[in-house]
Amino acid sequence: MSENVLLDIRDLDVTYHSRSLLGFGGRSFSAVKGASLSIRPGETLGLVGESGSGKSSIANTVLGLVPASGGSIRFGDVELTSMKTRYPAEVRGQIQAVFQDPYSSLNPSMTVEDIVTEPLRVHTSMTRAQRRERAIELLRLVSLSQEHLTRHPHQFSGGQRQRIAIASALALEPKLIVLDEPVSALDVSTQNQIINLLYERRDELGIAYLLIAHDLALVHHISDRIAVMYLGHIVEEGPSDRIYKAPAHPYTAALLEAVPLLDPDAQRKRRAARKMAPVPETPRLSVAGCPYRNRCPHAMARCEAETPPAYPIAGGGTANCFLHAGDASSEPELDKTTEHVAS
Ligand SMILES: Nc1ncnc2c1ncn2[C@@H]1O[C@H](COP(=O)(O)OP(=O)(O)O)[C@@H](O)[C@H]1O
Ligand SMILES: [Mg+2]
């Protein structure tokens with residue numbers, strides 16, 4: 001593995017099994033199929049896609065909360081998917097998480113001081129006084145203050161609770177924070193404040209983020225690169241600006257289309273330019289072919305028969321779409337790592 005890759009996810013499969021009431025038979029459901037992603041130290045990867053596309057399944061697998069059913073996840077030199085039990089303490093401290101719901105993710109009976117210092121209590125031998133000092137520092141990092149230490153989560157707004165969760169995630173100076181829709185439950189102005197806060201702390205502290213969102217527009221400023229998921233597949237990946245300004249996969253274009261523009265004229269023009277077809281609900285497809293073909297306005301016969309590989313896109317990254325089969329160097333990208341390092 002390249003030295004400057006922090007998290008390297010290769011061909012990850014996540015499958016959920018549900019047992020029947022009688023204890024045999026049951027169903028299995030494939031939530032992530034052959035996903036590959038990598039994050040360098042200090043880098044932010046935005047992982048976007050609509051609800052149910054498999055984003056949280058990837059996040060939870062990285063965090064060791066859900067087992068991988070195939071593929072590998074390397075964190076530095078450690079192969080995470082081979083671990084049968086909990087991650088070793090060094091790894092657990094280096095990968096932290098912030099979840100979507102700031103109301104259920106914080107223990108209501110704990111004070112802010114307890115919440116923010118819990119990782120320090122578990123992973124360090126700091127004294128209570130040292131932990132309190134660090135807690136004050138951490139609260140300052142998220143624009144809260146010392147008076148908040150003795151309060152309980154219910155005394156805070158949603159945005160403030162997310163600040164508390166972020167302070168706790170920062171406590172051990174992790175190398176990676178997995179943020180699973182950290183602002184989806186917040187109102188728009190609070191969303192921007194939290195995104196800005198994450199941006200500032202990242203640059204100061206050199207932390208890498210796996211930042212999950214369903215709204216591409218919200219995370220594109222803070223993300224260095226963006227990966228787009230659809231029905232368990234990564235369908236496009238590349239530099240954030242290129243993805244935002246020139247989406248190559250029709251699904252990415254549709255995701256951007258879903259972002260309302262304030263000017264209705266601009267909205268109409270954009271829709272015409274992208275020739276978007278209405279998007280019917282699609283059942284999950286288990287056979288070969290492009291996962292997006294039933295919703296795609298550009299679908300061709302080939303999209304039924306073959307699963308598109310990752311084609312390189314001018315401006316960086318790849319898209320799994322036959323529309324780009326003739327682009328750039330025209331050979332499908334086999335090893336994405338080489339491309340990331342070069343870009
Ligand atoms: N524990 C589980 N058991 C069975 N199916 C699940 C489980 N968790 C998620 N799924 C299914 O896997 C798919 C992907 O879910 P998820 O990873 O949560 O997507 P996202 O975070 O993009 O909304 C969904 O269809 C969801 O219903
Ligand atoms: Mg989710």
Side-chain angles (χ1 to χ4, degrees), residues 7 9 11-21 23-37 39 44-71 73 80-81 95-105 158 162 165-166 169 176-186 191 194-195 198 209-220 223 225-237 243 249 251-252 254-256 258-259 279-287 291-292 294-295 320:
L7 184 76
I9 302 177
D11 302 321
L12 179 71
D13 294 322
V14 179
T15 305
Y16 297 104
H17 302 279
S18 65
R19 241 179 270 155
S20 71
L21 284 176
F24 54 85
R27 294 156 189 267
S28 63
F29 177 78
S30 171
V32 178
K33 298 163 197 162
S36 296
L37 293 171
I39 304 181
T44 296
L45 177 72
L47 179 60
V48 303
E50 66 202 67
S51 178
S53 55
K55 306 179 299 294
S56 294
S57 297
I58 291 187
N60 291 335
T61 310
V62 170
L63 294 168
L65 303 173
V66 162
S69 43
I73 303 176
L80 298 180
T81 40
I95 306 179
Q96 295 289 311
V98 175
F99 296 102
Q100 172 173 348
D101 185 357
Y103 293 89
S104 64
S105 64
Q162 242 8 358
I166 292 165
L176 174 69
I177 304 183
V178 175
L179 300 132
D180 190 352
E181 308 230 21
V183 299
S184 298
L186 308 175
Q191 287 186 336
I194 297 291
I195 292 287
L198 290 168
Y209 293 151
L210 173 58
L211 175 59
I212 292 174
H214 53 258
D215 183 351
L216 207 167
L218 188 70
V219 297
H220 104 272
S223 301
R225 287 185 304 117
I226 285 179
V228 181
M229 276 194 97
Y230 184 73
L231 288 185
H233 296 263
I234 307 279
V235 296
E236 178 164 8
E237 177 282 322
I243 300 259
H249 196 286
Y251 177 62
T252 314
L255 264 189
L256 284 165
V259 178
V279 282
E281 274 303 309
T282 326
R284 192 166 284 249
L285 308 161
S286 56
V287 288
Y292 191 57
N294 286 3
R295 276 171 70 173
N320 296 59

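Just follow the structure's listing: the first ligand is 1, and inside any ligand the first atom is 1.
- Within the listing of ligand 1, atoms 23 (O) sit less than 4.0 angstrom from a heavy atom of S51.
- By the criterion of a heavy-atom distance under 4.0 Å, the backbone of E50, and not its side chain, is placed next to ligand 1.
- Ion pair E50/R295 flagged as a salt bridge, since at least one NZ, NE, NH1 or NH2 atom sits closer than 4.0 Å to an Asp/Glu carboxylate oxygen.
- When the heavy atoms of S57, G54, A59 are ranked by distance to atom 19 (O) of ligand 1, first place goes to G54.
- Of the listed residues (Y16, Y230, F29), the one carrying the non-hydrogen atom nearest atom 9 (C) of ligand 1 is Y16.
- We find the OG-CD distance between S105 and Q100 to be 10.0 Å, quoted to the nearest 0.5 Å.
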**Asked** Can L80 and I95 be said to form a side-chain contact (heavy atoms from CB on, under 4.5 Å), step by step?
**Response** CA-CA 11 Å; L80 298 180; I95 306 179; 4.1 Å; yes

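- Between A31 and ligand 1, a contact under 3.5 Å exists for no N or O pair.
- Taking the side chain as every heavy atom from C-beta outward, I226 and L45 never approach each other to under 4.5 Å.
- Ring-plane geometry between Y230 and Y292 is classed as perpendicular, the angle between the planes exceeding 60 degrees on a 0 to 90 degree scale with a lower cut at 30.
- Remark: the backbone N or O of L198 is paired with a side-chain donor or acceptor of Y209 at under 3.5 angstrom.
- Not a single N/O/S atom of S51, whether from backbone or side chain, sits less than 2.8 Å from the Mg ion (ligand 2).
- Proximity to S56 (heavy-atom distance under 4.0 Å) selects the following atoms of ligand 1: 17 (O), 18 (O), 20 (P), 21 (O).
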